Amino acid sequence: MINKLITKTLPLFPKSFVYLFAKKYIAGATLEEAVKVCKLLEAKGACTTIDTLGEFVNSKQQATKETKMSFAVLDAIKENSLNSYLSIKPTSLGLEIDIHFAYSNIKRIVSKAKEMGLFVRLDMENTPYTSKTLDIYKKLRDEQFDNVGFVIQAYLKRSMDDIKSMSKFTPSTRLCKGIYNESPSLAYKDREKIRDNYKELLNYMFENGYYTCIATHDDLLLNYAENLIKEKKISKDKYEFQMLLGVTESLRAKLIANGHKVRVYTPYGIDWYGYSIRRLNENPQMAGHIVKSIFTRK
Ligand SMILES: Cc1cc2nc3c(=O)[nH]c(=O)nc-3n(C[C@H](O)[C@H](O)[C@H](O)COP(=O)(O)OP(=O)(O)OC[C@H]3O[C@@H](n4cnc5c(N)ncnc54)[C@H](O)[C@@H]3O)c2cc1C
């Protein structure tokens, strides 16, 4: 109760205060800090995907700036020989403004990545952008860019149709539960229903040879996925696990120890605020722990 209250009232506090709660989930404000964190994660046996924080951009100027920031991430990955790739949010590249403008920014990023031998994943945002993001992915694939992937959200009722519609590409797909607040007409709200849909989607992806990124911290789903991998003899080049920076680090270590590839989503940037508030809303207990540690610090 108190944790929920803390999380709900956080937006009323100055950003510097919220940062105390948020810093666990972000690599820092600068790309240099993100590179350092990626190197630390690699030393622990994980690989990474870097995300420049920023979303729902509504000026072309800002979207162009974000595009350049993505170029800088690709350069940093190459220069530091990181085992990493880039995750991008289509709205930060102009999807809210105009799909053609966003497509041209995303194509420039994917094209540069392709020249560098790097991969780019389109994160999935809320439902006004689902079809548009999938259309962008399809267009990129039709234009012969094979270094790009997308995300499927298990809470969405449409997801099985979406994933089936991609079969001709045998795509690289990240499967997550979904984080935005969607209407019950579009999304399952029941925890078990979301898990069931996650399992069905996972089965479909494995059975159809998709490169499958199992993005969850839910130990029930993690166990299910590990068993499925064993049962279906899924080879190591067909899947990986993915987790968020700062979340369930012991589970991450266990998966690595079990011989699985694990990628950590590593966000950085000055626009850490919206991302962090979503993370804290996801897990109000965390807010309580942090408050305790702040007030009991000697
Ligand atoms: C690599 C990655 C990429 C993602 N990309 C997207 C995306 O593109 N679009 C999208 O909509 N969503 C994305 N998500 C978020 C995802 O949709 C879920 O909201 C989020 O992962 C929480 O769901 P869960 O499967 O971990 O299960 P939950 O049931 O929410 O969590 C399971 C357990 O994990 C722990 N946990 C979960 N979250 C936290 C936290 N913040 N702090 C501490 N412990 C926590 C708790 O112990 C919890 O009981 C991504 C998640 C991951 C891991």
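Start at 1 and go down the list; that is how both ligands and their atoms are numbered. All of these numbers come straight from a predicted model, not from anything done at the bench.
Close to ligand 1: R191, with a non-hydrogen atom less than 4.0 angstrom away. At a 4.0 Å cut-off, not a single heavy atom of Y198 sits close enough to ligand 1 to count as contact.
Backbone and side-chain nitrogen or oxygen atoms of T216 are examined, and one is located within less than 3.5 angstrom of a nitrogen or oxygen of ligand 1. The shortest N or O to N or O distance between Y180 and ligand 1 is not below 3.5 Å. Considering backbone and side-chain atoms alike, M124 places an N or O below 3.5 Å from some N or O of ligand 1. Where the criterion is an N or O separation shorter than 3.5 Å, residue side chain and backbone included, A215 fails it with respect to ligand 1. Checked by distance only, ligand 1 and I179 come closer than 3.5 Å through their nitrogen or oxygen atoms. Between Q242 and ligand 1, not a single N/O pair is under 3.5 Å apart.
In terms of the side-chain hydrogen bond (donor to acceptor under 3.5 Å, both in side chains) criterion, residue partners of K107 (sequence neighbours excluded) are, by chain and number, E143. Checked against side-chain hydrogen bond (donor to acceptor under 3.5 Å, both in side chains), Y198 has no partners two or more places apart in sequence or in another chain.
Looking at L53, I26, I50 one by one, the single match for side chain to side chain contact (heavy atoms under 4.5 Å, CB included) with Y268 turns out to be I50.
Checking H217, E249, K24 against atom 26 (O) of ligand 1, the nearest heavy atom belongs to H217.
In terms of hydrophobic clustering, with Ile, Leu, Val, Met, Phe, Trp and Tyr side chains grouped at heavy-atom distances under 4.5 Å, Y211 and L140 are assigned to different clusters.
Each of the atoms 26 (O), 27 (O), 32 (C) of ligand 1 lies under 4.0 Å from some heavy atom of D218. Counting the atoms of ligand 1 from 1 in the order shown, those under 4.0 Å from a heavy atom of G178 are 11 (O), 16 (C), 17 (O), 19 (O). Those atoms of ligand 1 with a heavy atom of T248 less than 4.0 angstrom away are 34 (O), 35 (C). Counting atoms of ligand 1 from 1 in the listed order, those under 4.0 Å from a heavy atom of L244 are 2 (C), 51 (C), 52 (C), 53 (C).
Distance CD/E125 to CD/Q153: 9.5 Å, rounded to 0.5 Å.
Ring to ring, Y137 and F150 are close: their centroids are under 6.0 angstrom apart. Taking the ring centroids of Y210 and F169, they lie at or beyond the 6.0 Å cut-off.
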- prompt: K199 and L221: side-chain contact (heavy atoms from CB on, under 4.5 Å), yes or no, with the steps?
  reply: CA-CA 8 Å; K199 290 176 189 171; L221 288 178; 4.0 Å; yes
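The proximity of R174 to ligand 1, defined as any non-hydrogen pair under 4.0 Å, is limited to the side chain. When heavy-atom distances to ligand 1 are checked against a 4.0 Å cut-off, K177 comes that close through both its backbone and its side chain.
The cationic group of K261 does not satisfy the cation-pi geometry with F241, failing either the under 6.0 Å distance to the six-membered ring centre or the 45° limit from the ring axis.
Taking a cutoff of 4.0 Å between a charged side-chain nitrogen and a carboxylate oxygen, K39 and E42 do not qualify as a salt bridge.
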